[in-house]
Peer 1: 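Have a look at the structure that comes next, please.
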Amino acid sequence: MRLPSFLRLSPRWAPYVFISPFLILFAIFGVFPLLFSLYLAFQSWEPTSGLQAMEYVGLGNFAFALEDEWFWKSLKNTAWLALASGVPQHLVAIPLAVFIHNSFKRLRDGVIGAYFLPYITSTVAIAIMFSSLFSKDFGLINAGLHSLFGVENVDWLGKAENIKPAVAFIVFWRYLGFNVVLYLAALQTIPKDLYEAADMDGAGRWQQFFHITLPSLKPMILFGVMLSVIGGLQLFEEPFILTGGKGGIDQSAMTSAMYLYRMAFDFNDFGGASAMSWLLFALVVLMTWLTNRAFRPRGGSV
Amino acid sequence: MTVDRLHPSHAASESPTHKRMRRLFLQAGLAVAIPALPVQAAQGRRQLTVATFPLLDEILKAALPAWRRIHPNVDIQIVSRQYGDHHTAMTTALSTAVRLPDVMALESSYVGRFAQGGGLDDLAKEPYRIDRFRSRLVPYAYDQAINRRGAVVAMPADIGPGTLLYRSDLYAKAGLTEADFTASWDAFVEAGIKLKATTGAYLVSNAQTVKDIVIRTGLRPGEGLYFDQESRVLVNSSRFVRAFELARKVRRNKLDARVGAWSNEWAEGFRRGTLASDLSGAWMAGQMANWVAPATKGLWRAAHLPERTFVGYGGSYYAIPRRATPENKALAWELIQLLTLDRAQQFAAFKSQDAFPALLETFDDPFFADPLPFLGGQPARLLWRDAARKITATQVHKQTNFADEVIGTELDNVLDHGKDIGRALADAERLLLRRAHR
């Protein structure tokens, strides 16, 4: 049965029609909020008065953000958490991937799956689980520390100086498996004959690791570190849930992403929050570019 | 209790109770949108939408039969969300003017926040003229809804007079009478030292709760907590120094259990008698009796807060959005009046949900003199009624939430790291100055 001509899709338009569901959704939920927040960044707005209540303030919100102590405090927290959770991720993931690659044959997928599981688990479930693990009097972590090293109960989530390490540990634990998978994929692309040749020349395990494995992994390290930098700067869910949405004592786990959310929804300052989100965006771009530069081979491009 | 006890912890509520609210909020649990009645196709039927939250929705449901008697043709649609979600949804609805309800329930800390903008109708103007009813309402509850421009943005439904609940047996063991520890805040802390030495029990759950009330002590009517009318910052003052010093004294003498309200350790403290007193809203007595520590029945008593401090711990209001459907506004106002000015309705809410009435006409009822078994037969509602009349409204500033948190953080610095109080308050002042006019 043939459709009447006005219902038929001409080949000229078909691709656009087929791709339109994504584009429409992306425009509504992606592009529009982006542009709206850019617009808001230049406005002062009391949201309960309605959309008409916006007032143009030029660069006022940006000036406020740059002079705001809490914005800098949140940036410092973010940098601390990104480093403390990000660096160990890679330092552990690379050797671990090599170990899994060399030592497991039949059980390989199972082992990778075990490390990958935290990554696909819901953040809320993870945060709830860890808040009971980190509990001062009844938590498993304190119980373990006490029986192994005789350490007094640590108030993990109730003291400013302990919250950050606790959050960093969770982030490390969560994303380690993801990085292991990245590095395992890269390891499989290293030609076996390189190692065979090295064996013939009498290179030991360590020499092979440092002179073959590590240089060959470099593009993947760049990719993994870049993802960690971006993810680290946008860290939100783990500290948010673990500290009840406030960042804990002295806001010591309040990341920039959390702070700008709170600016809007707790402190009713949507203009300031938008300005901060664009400053954070600029920072993410800058850091990504710097990472890219740092890992670029001399005299070439990645 | 007021309906407020169901509220979750949010950024920084006006009352010091916000943390306590979480537990109950979780208990009350489910966010439900209940279409009260099926939409009638019949001609002439109208529908009024009310956006509300638990347990205020229960009170509204209980009032529906009375409403139907007056307006059989007007259906009430109740849209009930969890406390936090409700207020976020209302912020969004007001900002975009889309899907605005005809009647909006608000918790007292949000009344102050929403009053800053122009999203709610001024009930003092025609056709509402709320000033006609002013003398019938608890004064502070009414005043709390007046914004800086003099507009009255909401009608009070219930209130939460502050009270001191204490374990009479423990205090007696320490040889302390009520007059000994309620005379002044200093006397309260001194009594705490004695109490700790004799019974080992903590005076309060957390030193922060002492600070929260002491900064509200001695406020003149209409005076702001953190900012004055002209947005001047008030935190570097003797009022705050005193609150910080008292809190530090509490901590230094180990008089606070250092537990967060509504935590397991907190509830356990009341059950085991390691927490000897609590500063909170009158509704806390009902909470204690119902689930926190029912086994301690008869051991507790209520008193006015030390130094005869009268503060409100939350409360509920009804407002009409400015851009709600104009044809429904008269009906919406009628519904609000039924809920807030009708003696029978106010009483029903008091009896079923412990929502302390904001309507003064209810105050002469013998119900107030009933003995409360949990408090050893003390007719404590008389005490709370007395407190309700004496509470004064505090001016809410746009940055109150932020200030709450800054002050809490600085007190933590003082308590945990021995930061100098003068420096802590100067740091807080600097942060607030930057925000005062935003």
Side-chain angles (χ1 to χ4, degrees), chain A residues 36 40 44-55 57 60-61 63-73 131-132 135-139 155 157-163 243-252 254 258-259 261-273 275, chain B residues 8-13 19 22 84 87-88 90-98 100 104 106 110 113-120 153 258-260 263-265 268 319 321-323 398-406 408-413 415-417 419 427 430-431 434-435 437-438:
Chain A
F36 187 64
L40 258 183
S44 165
W45 184 35
E46 163 53 53
T48 59
S49 302
L51 290 167
Q52 313 73 12
M54 282 187 207
E55 199 183 311
V57 290
N61 289 327
F64 171 78
L66 290 173
E67 285 175 31
D68 182 26
E69 282 178 40
W70 277 26
F71 183 59
W72 289 105
K73 184 174 172 179
S131 59
S132 78
S135 159
K136 179 168 173 270
D137 296 320
F138 313 113
D155 193 356
L157 302 174
K159 281 206 143 174
E161 54 271 33
N162 299 338
I163 303 176
T243 62
K246 290 183 168 194
I249 304 284
D250 202 19
Q251 296 81 35
S252 58
M254 185 171 76
M258 262 177 87
Y259 180 46
Y261 169 86
R262 298 198 62 200
M263 274 291 282
F265 292 99
D266 288 349
F267 308 139
N268 242 11
D269 190 342
F270 282 74
Chain B
S9 161
H10 48 96
S13 81
K19 279 185 193 142
R22 155 171 301 173
H87 290 98
T88 306
M90 293 306 105
T91 308
T92 317
L94 285 170
S95 68
T96 56
V98 174
L100 277 168
M104 183 183 281
L106 291 173
Y110 282 89
R113 201 162 144 178
F114 286 18
Q116 313 291 330
L120 302 175
V153 297
R258 306 187 65 163
V259 294
S263 64
N264 288 330
E265 292 89 346
E268 208 52 42
R322 186 168 53 85
R323 298 174 71 191
K398 198 178 166 190
Q399 298 290 349
T400 293
N401 271 359
F402 182 73
D404 245 343
E405 189 156 338
V406 168
T409 299
E410 287 303 337
L411 181 58
D412 275 331
N413 287 337
L415 298 179
D416 292 344
H417 302 292
K419 187 170 177 179
D427 284 351
R430 200 182 62 244
L431 271 170
R434 293 219 8 93
R435 303 247 174 176
H437 297 283
R438 270 193 73 76

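Within every chain, numbering begins at 1; the chains are lettered A, B, ... in the order of the sequence lines, protein sequences first and strands thereafter.
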Peer 1: Given that the side chain runs from C-beta out, which part of A/Asp269 has a heavy atom under 4.5 Å from chain B: side chain, backbone, both or neither?
Peer 2: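 The side chain, not the backbone.
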Peer 1: Tell me, for A/Asp68 versus chain B, whether the close heavy atoms (under 4.5 Å) come from the side chain, the backbone, both or neither.
Peer 2: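 Answer is both: backbone and side chain atoms of A/Asp68 are under 4.5 Å from chain B.
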Peer 1: Flag the one option from A/Ala53, A/Ser44, A/Ala160, A/Pro47 with the top tally of heavy-atom pairs under 4.5 Å to chain B.
Peer 2: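 Top option by heavy-atom pairs under 4.5 Å: A/Pro47.
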Peer 1: Could you give the distance from CG (A/Leu51) to OG1 (B/Thr96), rounded to the nearest 0.5 Å?
Peer 2: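 Reported value, rounded in 0.5 Å steps: 6.5 Å.
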Peer 1: Evaluate the salt bridge (Lys or Arg N to Asp or Glu O under 4.0 Å) criterion for residues B/Arg434 and A/Glu69: first the C-alpha distance (whole Å), next the side-chain angles of each, then the deciding distance (0.1 Å), finally the verdict.
Peer 2: CA-CA 10 Å; B/Arg434 293 219 8 93; A/Glu69 282 178 40; over 6 Å; no
Peer 1: Between B/Glu405 and A/Arg262, is the closest basic N to carboxylate O distance under 4.0 Å?
Peer 2: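 Yes.
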Peer 1: Rounded to the nearest 0.5 Å, what separates atom OG1 in B/Thr91 from atom CZ in A/Phe270?
Peer 2: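 So the OG1 of B/Thr91 and the CZ of A/Phe270 are separated by 7.0 Å.
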Peer 1: Considering only heavy atoms and a distance below 4.5 Å, find which of B/Lys398, B/Arg430, B/Arg322 pairs most often with chain A.
Peer 2: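 It is B/Arg430.
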Peer 1: Work out which heavy atom in B/Gly118 is nearest to a heavy atom in A/Ser49; give both atom names and the distance.
Peer 2: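 It is N-OG, 2.8 Å.
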Peer 1: Between A/Thr48 and B/Gln116, does any side-chain donor sit less than 3.5 Å from a side-chain acceptor?
Peer 2: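 On atom types as modelled, these side chains do not qualify, holding no pair under 3.5 Å.
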Peer 1: Would you say B/Asp412's side chain and A/Ile249's backbone share a donor-acceptor pair under 3.5 angstrom?
Peer 2: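 Here the side-chain-to-backbone pair does not exist.
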Peer 1: Identify which of B/Pro321, B/Gly117, B/Gly408 forms the greatest number of heavy-atom pairs closer than 4.5 Å to chain A.
Peer 2: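 Highest number of heavy-atom pairs under 4.5 Å: B/Gly117.
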Peer 1: Once rounded to the nearest 0.5 Å, what's the spacing between atom CE of A/Met263 and atom CZ of B/Phe402?
Peer 2: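 Separation between the atoms: 8.0 Å.
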Peer 1: If you take all heavy atoms of A/Asp266 and B/Asn401, which pair is closest and at what distance?
Peer 2: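 In this case the closest contact between A/Asp266 and B/Asn401 is O-ND2, 3.0 Å.
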Peer 1: Pair B/Arg438, A/Asn268 - check side-chain hydrogen bond (donor to acceptor under 3.5 Å, both in side chains), show working.
Peer 2: CA-CA 10 Å; B/Arg438 270 193 73 76; A/Asn268 242 11; over 6 Å; no
Peer 1: Name the region of B/Glu410, side chain, backbone, both or neither, that has any atom closer than 4.5 Å to a heavy atom of chain A.
Peer 2: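 Neither part.
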Peer 1: How long is the straight-line distance from CZ of B/Arg435 back to CZ of A/Phe267, given to the nearest 0.5 Å?
Peer 2: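 Rounded to the nearest 0.5 Å, the CZ-CZ separation comes to 6.5 Å.
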Peer 1: Could you tell me which non-hydrogen atom of A/Glu161 sits nearest to which non-hydrogen atom of B/His417, and how far apart they are?
Peer 2: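 Here A/Glu161 and B/His417 meet closest at OE1-CE1, 3.7 Å.
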Peer 1: Distance from B/Thr409 atom OG1 to A/Gln251 atom CD, nearest 0.5 Å?
Peer 2: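 One finds 3.5 Å between OG1 of B/Thr409 and CD of A/Gln251.
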Peer 1: Answer with side chain, backbone, both or neither: which region of A/Glu67 has an atom nearer than 4.5 Å to a non-hydrogen atom of chain B?
Peer 2: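 It is both, since atoms from each part get that close.
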Peer 1: Please identify, among B/Arg258, B/Met90, B/Gln399, B/Glu265, the residue contributing the most non-hydrogen atom pairs under 4.5 Å to chain A.
Peer 2: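 So the answer, after comparing B/Arg258, B/Met90, B/Gln399, B/Glu265, is B/Glu265.
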